[in-house]
A.B. asks: 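Got a structure for you, questions after.
Order of the sequence lines sets the chain letters (A, B, ...), proteins ahead of strands, with each chain counted from 1.
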There are 2 protein chains.
Amino acid sequence: MMDKAYIQQLLEVDKEPVKLTEKKAAILTKAIENFAKYGYAATSTSEIAKQAGVAEGTIFRHYPSKKDLLMAIVKPGILQLAVPYFAEQMIEEVFHSEEVDLEGLLRVFIYNRISFVKKNVQMIRIILQEVAFHPEIQQVFKDIFVTKIYPTVKERLESLQQKGKLKELPIDTSIRFILSTVLGFIFHRYILTTEPVLNEEQEVDYVITLIFHGLQPNHTKG
Amino acid sequence: MMDKAYIQQLLEVDKEPVKLTEKKAAILTKAIENFAKYGYAATSTSEIAKQAGVAEGTIFRHYPSKKDLLMAIVKPGILQLAVPYFAEQMIEEVFHSEEVDLEGLLRVFIYNRISFVKKNVQMIRIILQEVAFHPEIQQVFKDIFVTKIYPTVKERLESLQQKGKLKELPIDTSIRFILSTVLGFIFHRYILTTEPVLNEEQEVDYVITLIFHGLQPNHTKG
DNA sequence: TAAAAAAGTGAGTAATCACTCACTTTTAAT
DNA sequence: ATTAAAAGTGAGTGATTACTCACTTTTTTA
């Protein structure tokens, strides 16, 4: 069960604390629960109100429409999903350091995203399910990827390529390969299945090895 | 635009030709279009009837409920998606031959799935979007994977491992790695984006190389 | 502490929902 | 040609939908 503090930190994007009344937090909590479980279209505002112990009018006092309620949940969720909290930590310390190490870089990235996914399964389910139907959500994704993620990753991978530490593939192919492998693993182990992952370290090691060997230049061997 | 012949072959699972009236085909066509575009829950039966040029009662003459209509579309779709039409061709000729070649095997698999996805983007969109909300759909998936796909693939990969042609990873990790890479590529290039893939052969080659090198045992080099 | 602003309420509304059913039309079987 | 079955119809059903609004309660501000 989510509490007010969780909702609060979820909506916090620019570090400015978000002020929430108890009822507003209850609305968001139940909206997230139901959107994740039944989907946005199949969840009624009356059901959210009932579960949150709130009059239906209260929802529309805070959110002009049902879609505004969805976007209030999804937008900060995407920001936190796509732009890791640890951005400074990782991009500064690991990513921008001279001694770029693909393995170490991957390890930080994977563990960070695993811990985020673990804490936000419902939110991620909502985003995955609704992104197909709402162009606004797609736009948020596109903006973040194009302006923040892609340029940084591209720069670093190109640098690795120039140093001969990476296969000479088109950069987009390399990025897709890494993302497919990592996200495929996370999706399978933390979203699709529900049993806890026991030997997490071992499994992450496998993923890293697969990517590492896949992207290894032909003339060397790690 | 879909025609009756397309719908007919889509529903054909056991090679027995499915008999369809014009109106029934129109209902299925418009249902697929709308479910793919707006989602199952956000599509009304009245809208389907209107677009198909049919009375709303006609839908319920053929399908007892809206959900039955969805399942009539989705179930054969999953069967065709998960159990490749070329099953005999591939599994017999390539998969069960003594000279097992991971690269050739992957190539046949990838091209086959690409051509299927190209022809059935809408159907695949529906399945991806609705699988989360309908346990029946999940069960269909699970059954097919557990009984048909997993055992065959497992057997072949283990055989490759024993011959020293594959990394000694847990078999599930290898399967997930291959599926993530292949499906990640197909999803990105044929479902997520709409522009036609120009240098398809080249891109498929990259995917195969990445998987091949990723799964290459440590002591040899391809 | 008085006034203003914000939060919360719940009965009410028009529209839409999936679905029914008595009926007509078309097709297939004898 | 007659009959029976299947296909198709469309007005009608009660339930539910997102949302409104006049009103009360609580909180904040001056």
A.B. asks: In a table with atom names and distances, give each donor-acceptor pair under 3.5 Å that connects a side chain of residues 69-79 of chain B to protein atoms at least two apart or in another chain.
C.D. replies:
none

A.B. asks: Heavy atoms under 4.0 Å, any strand shown: does A:Thr21 hit a base, just sugar-phosphate, or nothing?
C.D. replies: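 A:Thr21: backbone/sugar contact only, no base atoms under 4.0 Å.
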A.B. asks: Distance under 4.0 Å to a non-hydrogen atom of chain B counts as contact; along DNA chain C, which nucleotides mark the start and end?
C.D. replies: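 So the outermost contacting nucleotides come out as C:dC17 to C:dA22.
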A.B. asks: Closer than 3.5 angstrom, by distance alone: can the side chain of A:Glu130 be matched with the main-chain N or O of A:Gly39 as a donor-acceptor pair?
C.D. replies: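 Checking the backbone N and O of A:Gly39 against the side chain of A:Glu130, no donor-acceptor pair under 3.5 Å is found.
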A.B. asks: So, the side chain of B:Asn112 versus the backbone of B:Val108: is there a donor-acceptor pair under 3.5 Å, distance only?
C.D. replies: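 Pair absent, no side-chain N/O of B:Asn112 close to backbone of B:Val108.
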A.B. asks: Nearest whole Å is fine: how far is D:dT20 P from A:Tyr63 OH?
C.D. replies: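 Taking atom P of D:dT20 as the reference, OH of A:Tyr63 is at 16 Å.
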A.B. asks: Between A:Lys67 and B:Glu22, who's closer to the 5' end of DNA chain D by nearest nucleotide?
C.D. replies: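 That would be B:Glu22.
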A.B. asks: Is the closest basic N to carboxylate O distance between A:Arg107 and A:Asp205 below 4.0 Å?
C.D. replies: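 Yes, A:Arg107 and A:Asp205 are salt-bridged.
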A.B. asks: Please confirm whether the backbone N or O of A:Leu10 pairs with a side-chain atom of A:Gln80, one donor and one acceptor, at under 3.5 Å?
C.D. replies: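 Yes.
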A.B. asks: What is the minimum heavy-atom distance between B:Val54 and B:Lys23, and which atoms define it?
C.D. replies: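 For B:Val54 versus B:Lys23, the nearest heavy atoms are CG2-CD, 3.7 Å.
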A.B. asks: Is there a donor-acceptor pair under 3.5 Å between the side chain of B:Lys30 and the backbone N or O of B:Gly53?
C.D. replies: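 No, B:Lys30 side chain to B:Gly53 backbone: no donor-acceptor pair under 3.5 Å.
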A.B. asks: Look at the side chain of B:Tyr40 and the backbone N and O of B:Lys67, then say whether any donor-acceptor pair between them is shorter than 3.5 Å.
C.D. replies: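 Looks like yes, one N/O pair under 3.5 Å.
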A.B. asks: Please report the distance, rounded to the nearest Å, between CG in A:Asp68 and P in D:dT20.
C.D. replies: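 Atom-to-atom, A:Asp68 to D:dT20, this comes out as 11 Å.
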A.B. asks: Using the 3.5 Å cut-off, write out each protein N or O paired with an N or O of nucleotides 15-18 of chain D and the distance between them.
C.D. replies:
unit_1 : atom_1 : unit_2  : atom_2 : d
D:dT17 : OP2    : A:Ser46 : OG     : 3.4
D:dA18 : OP1    : A:Thr43 : O      : 3.2
D:dA18 : OP1    : A:Lys66 : NZ     : 2.9
D:dA18 : OP2    : A:Thr45 : N      : 2.9
D:dA18 : OP2    : A:Thr45 : OG1    : 3.1

